[in-house]
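Below you'll find the structure, written out as structure tokens, and then a few comments.
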Amino acid sequence: MSDRSAADEVTLLELLDRVLDKGVVLSGEITLSVADVDLVFVGLRLLLSSTEAAQRQRAAGEIGASGARAEVA
Amino acid sequence: MIYVYALLERSCATTAPPAGIEGARVEHRAYGDIVAAISDCGAARPSPTAENVWAHERVIEGLMEQCTVLPVRFGTIFTNYEQLESMLDRHAAELARGFERVRGCVELGVRVASEATAMQGLPEMSIGAGKSKSGRGYMDALAAAERDRAQVQWRTEQLVDSIHRPLAAIARESTRREGVSAPLLFSAAYLVEGDKVDAFQRCVDDLSGKLDEVKLLCTGPWPPYNFVPRLAAASSEAIHETAR
């Protein structure tokens with residue numbers, strides 16, 4: 001796996017860790033099931049080889065107030 | 001049904017955020033001092049697909065550029081406005097403290113993965129134990145393996161501490177994830193004030209240059225997912241996380 005795709009994968013995992021598992025839990029209905037989460041993890045990891053995932057990765061060095069992702073090191 | 005992306009303060013004026021899940025228009029609805037960024041998701045429950053997860057994130061990032069946000073976990077829906085209002089009203093004080101906690105900050109993530117050197121020594125011990133023909137030899141090999149394992153663990157902890165300590169010193173707060181497994185040695189989130197992001201990034205660069213045996217990856221800035229208030233009543237109320 002290239003450094004770029006590895007960075008894409010890390011970014012995506014970091015995103016999923018946060019969006020699916022962190023954030024304010026209000027007492028509405030959380031629609032995710034355990035099985036769904038597992039599936040989305042598998043599905044998104046497969047997507048990493050696609051151009052779509054690469055496009056999601058923001059350019060390195062854009063760290064700042066723009067909300068962009070940056071890979072460091 | 002009402003899908004919730006994030007919570008804002010009423011005092012924060014924002015322009016329209018990006019389109020939400022499945023292109024839905026995101027609107028702001030005020031409840032007391034809190035504004036909820038929401039969209040109508042119809043009767044369908046949003047699935048955690050790649051598109052939907054990114055749409056959720058994009059809305060929050062759009063808001064984060066303009067004001068302090070408390071990101072809400074993906075998939076949170078309410079069946080009516082009264083239910084949402086009741087929830088926000090009940091937790092108004094906790095949420096207000098939550099805004100203060102993260103004001104002016106972003107979240108940065110750091111992962112440290114082994115480049116194998118830090119874990120060297122582990123394969124040999126299992127081979128040694130397997131080759132021993134006598135009971136005593138086997139037990140000696142096991143004891144040696146345990147000593148090796150403890151030494152590797154100690155080295156890893158020292159290494160992780162040498163990374164985490166300077167980064168935590170720059171951050172307002174930090175949180176480490178427990179139970180990571182090789183090759184991942186360390187994963188943490190840092191709540192960093194906006195004007196310290198560059199310093200944090202330089203620190204990561206410096207550490208990366210000094211440590212050949214590991215690979216550091218820093219991502220962000222993220223909305224402060226790891227530093228939101230844990231609402232006291234949430235665990236005992238109507239959260240439906242069902243295993244299929």
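All values derive from a computational prediction rather than experimental measurement. In the text below, chain A, chain B and the rest are named by the order of the sequence lines, each starting its count at 1.
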**Report entry** B/R29 charged N/C atom sitting above B/Y81 aromatic ring, 6.0 Å / 45°
**Finding:** yes
**Report entry** Side chain, backbone, both or neither of B/L88 within contact of chain A (heavy atoms, under 4.5 Å)
**Finding:** side chain
Query raised in the report: Without hydrogens or angle criteria, can the side chains of B/S39 and B/Y5 be said to hold a donor-acceptor pair below 3.5 Å?
Result: yes
**Report entry** Candidate pair B/E57 and B/Y225, rule side-chain hydrogen bond (donor to acceptor under 3.5 Å, both in side chains), full reasoning
**Finding:** CA-CA 11 Å; B/E57 172 67 8; B/Y225 285 101; 2.5 Å; yes
Requested in this report: Among B/R172, B/R176, B/H164, B/K196, find the one that has a side-chain hydrogen bond (donor to acceptor under 3.5 Å, both in side chains) with B/Y190.
Outcome: B/H164
Query raised in the report: In terms of heavy-atom pairs under 4.5 Å, which option from B/L95, B/V72, B/V4 contacts chain A the most?
Result: B/V72
Query raised in the report: Relative to chain A, which segment of B/S86 carries a heavy atom at a distance below 4.5 Å: side chain, backbone, both, or neither?
Result: neither
